[in-house]
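Small disclaimer: the values here were computed from a predicted structure and weren't measured.
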Amino acid sequence: MKPTTLDEWLDYQQHIHALGVDLGLDRVRAVWQRMGAPSVARQVITVGGTNGKGSTVAFLEAMLAAAGQQVGCYTSPHLMRYNERIRMAGIDAGDAALVESFERIELARGEISLTYFEFGTLAAFDLFSRADLDVAVLEVGLGGRLDAVNLIDADAVVITTVDLDHVEWLGPDRDSIGREKAGIARRDRPAIVGELDPPEGLLDALDKQGAQVERAGRDFRVEREAHGWRWLHRDGTTLALPDPELAAPVQYANASSAIAALHALGIFDPAQLARMSAGGMHLPHAPARLQWLGGDPALIVDVGHNPQAARALAEWLDAQPPVRVHAVYGALSDKDVGGVMTALGVRIAHWHLASLDQDTPRGLPASVLAGVLHQVLPGASYDTHADVSHALVAARSAARHGERVLAFGSFFVASAVLAQVAG
């Protein structure tokens, strides 16, 4: 039966390709060419990296919107609704528009098989091409070189950070992963490297591709001040900016990289760049990035799911008033659970470990998390729960006034928490 609703289309896409992840551009390129391969926007910025991609996209969207630009953003995965993945002028794509796009893709693909992610990526391209956008901001799904997003030649790219994640697809070390992520860059076009200590594999690959590399700490930098901060470029450009509303210290690096990309494009004069950068510090669209959900004890949710993200969480916790923290944590089987737990260590007073094996085949049961916790943090206080919902209820009941509940570890954790709070 032909799918007609959005839910039916998404279920269909989950089952028509043998592999959930099938990196490579040949199939998706062939379908896009059959669709005419129209331009998706007058300018394209692609954002890759291990962590910080979603926040950097959010900063870019907010800055460009502050300058009056018509912006489309493609991100993944979603938290609450699939529609969140494709956003134009700050509005999520509607069900009808997505269904119509899927129908066009299905007609064009013929005998070519596409993954769930590839369907969504082509839908973003298709909808953007019909929207007369000034700028499209595209977030890489996995890696870079062979990710479907890399079908589009970006005018500028941002590579936020490189750390160990998805090693079964991208390689066993930072150099290998960096080379894969460098694949989104293009010759003679800006490539912004947001990490202060990037792996040589990334830098070597960017050099071989002939990209115009601009590095954090060398070509542009951040200076924190008592009130606000400054962005400085080696060409003498200096911007005085308010603090970003996104909470973590790492967000200065993400915002700085976003500004560097806009600066490198060269389409905004210094006064415009100053105004849009300042405007972009307010209310970027980045749910579940250290998102405060209120209450006492306070509830915070974050999508951090690897050791690098956990170190950023640890840095944020260290900057807060010292109170007991109750963690609601769930993880997928391909994640370095021990590395995450070690990074947070004694900052967590009690772990509420949540099973995710009912949410996804990749989800770990809480018993496995408990075994790892016992190995890396002997004596740590914990209990186990059948799912995120039960873990959250237990954590909020156990935490006292003035304490903090931090829910993190996976998009599945974040989406379950947000859904439960929304009622």
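Taking 4.0 Å as the cut-off between side-chain N and carboxylate O, D204 and R179 do not count as a salt-bridged pair. The pair R34-E111 meets the salt-bridge criterion, with a side-chain N (NZ, NE, NH1 or NH2) lying under 4.0 Å from an Asp/Glu carboxylate O. The pair R87-E61 meets the salt-bridge criterion, with a side-chain N (NZ, NE, NH1 or NH2) lying under 4.0 Å from an Asp/Glu carboxylate O.
In this structure, the separation between CZ on R187 and CD on Q212 is 11.0 Å, given to the nearest 0.5 Å. With rounding to the nearest 0.5 angstrom, the CD1 atom of I259 is 11.5 Å from the CD1 atom of I192. Interatomic distance, CZ of R85 versus OG1 of T121, reported as 8.5 Å (0.5 Å rounding). The distance from atom CG of L146 to atom CG of N150, rounded to the nearest 0.5 Å, is 8.0 Å. Atom-to-atom distance recorded for S367:OG and D357:CG is 8.0 Å, nearest 0.5 angstrom.
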**Study point:** Stepwise side chain to side chain contact (heavy atoms under 4.5 Å, CB included) test for L265 and V135
**Key:** CA-CA 11 Å; L265 282 176; V135 184; 5.8 Å; no
**Study point:** Trace of the side chain to side chain contact (heavy atoms under 4.5 Å, CB included) decision for L64 with D134
**Key:** CA-CA 9 Å; L64 289 161; D134 294 309; over 6 Å; no
Practice item. List the steps and the verdict of salt bridge (charged side-chain N to carboxylate O under 4.0 Å, His left out) for R186 and D155. Key: CA-CA 8 Å; R186 297 296 188 266; D155 297 284; over 6 Å; no
Point to revise | Test side chain to side chain contact (heavy atoms under 4.5 Å, CB included) applied to L356 and V413, step by step | key: CA-CA 8 Å; L356 295 183; V413 173; 4.3 Å; yes
**Study point:** salt bridge (charged side-chain N to carboxylate O under 4.0 Å, His left out) between E195 and R174, intermediate numbers included
**Key:** CA-CA 12 Å; E195 193 167 12; R174 292 181 72 227; 3.0 Å; yes
Review point. Are W231 and S277 close enough, and set up right, to give a side chain to side chain contact (heavy atoms under 4.5 Å, CB included), and what steps lead you there?
Key: CA-CA 10 Å; W231 184 88; S277 298; over 6 Å; no
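A donor-acceptor contact shorter than 3.5 Å links the side chain of R189 to the backbone of A154. One N or O on the side chain of K53 and one on the backbone of G49 form a donor-acceptor pair closer than 3.5 Å. In this structure, the side chain of S415 does not engage the main chain of M80 through any donor-acceptor pair within 3.5 Å. Listed for the W292 side chain is no donor-acceptor partner under 3.5 Å among the backbone atoms of L299. Without hydrogens or angle criteria, S355 side chain to A366 main chain gives a donor-acceptor distance under 3.5 Å. When atom types are taken as modelled, the side chain of D336 and the backbone of N306 share no donor-acceptor pair closer than 3.5 angstrom. At least one donor-acceptor pair under 3.5 Å links the side chain of E8 to the backbone N or O of T4. The closest donor-acceptor contact from the side chain of E106 to the backbone of E103 lies at 3.5 Å or more, if one exists at all. Although no hydrogens or angles enter the test, the distance criterion places no donor-acceptor pair under 3.5 Å between the side chain of T384 and the main chain of H352.
A182 and A205 get closest at one heavy-atom pair: CB-CB, 3.5 Å. Nearest approach of T160 to V47, heavy atoms of both residues: CG2-CG1, 4.1 Å. Taking each heavy atom of F128 and Y74 in turn, the nearest pair found is CZ-N, 3.9 Å. Among all heavy-atom pairs drawn from W229 and S256, the shortest one is CH2-N, 4.0 Å. Residue A261 comes nearest to V158 through the heavy atom pair CB-CG2, 3.7 Å, listed as atom of the first residue, atom of the second, then distance. The minimum heavy-atom distance linking G330 with L369 is given by the pair CA-CD1, 4.1 Å.
A search for salt bridge (Lys or Arg N to Asp or Glu O under 4.0 Å) contacts involving D383 returns nothing, not counting sequence neighbours. Residues forming a salt bridge (Lys or Arg N to Asp or Glu O under 4.0 Å) with R404 (at least two apart in sequence, or on another chain): none. Legend: residues meeting ring-ring contact (aromatic ring centres under 6.0 Å, His included) with Y382, ordered by chain and number and at least two apart, are absent. Qualifying salt bridge (Lys or Arg N to Asp or Glu O under 4.0 Å) partners for R215, counting only residues two or more places apart in sequence or in other chains: none.
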Please report, to 0.1 Å, the donor-acceptor pairs under 3.5 Å made by any side chain of residues 91-102, with sequence neighbours excluded.
| from | atom 1 | to | atom 2 | distance (Å) |
| --- | --- | --- | --- | --- |
| D95 | OD1 | N83 | ND2 | 2.7 |
| S101 | OG | D126 | OD2 | 2.7 |

What side-chain donor-acceptor pairs closer than 3.5 Å can you find for residues 389-396, not counting sequence neighbours?
| from | atom 1 | to | atom 2 | distance (Å) |
| --- | --- | --- | --- | --- |
| S389 | OG | Q420 | OE1 | 3.1 |
| H390 | ND1 | D387 | OD1 | 2.7 |
| H390 | ND1 | D387 | OD2 | 3.3 |

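Between the side chains of N51 and D163, not a single donor N or O lies within less than 3.5 Å of an accepting N or O. Under 3.5 Å, the side chains of Q308 and T161 contain a donor-acceptor pair of N or O atoms. Using modelled atom types and a 3.5 Å distance limit, the side chains of N254 and S257 yield no donor-acceptor pair.
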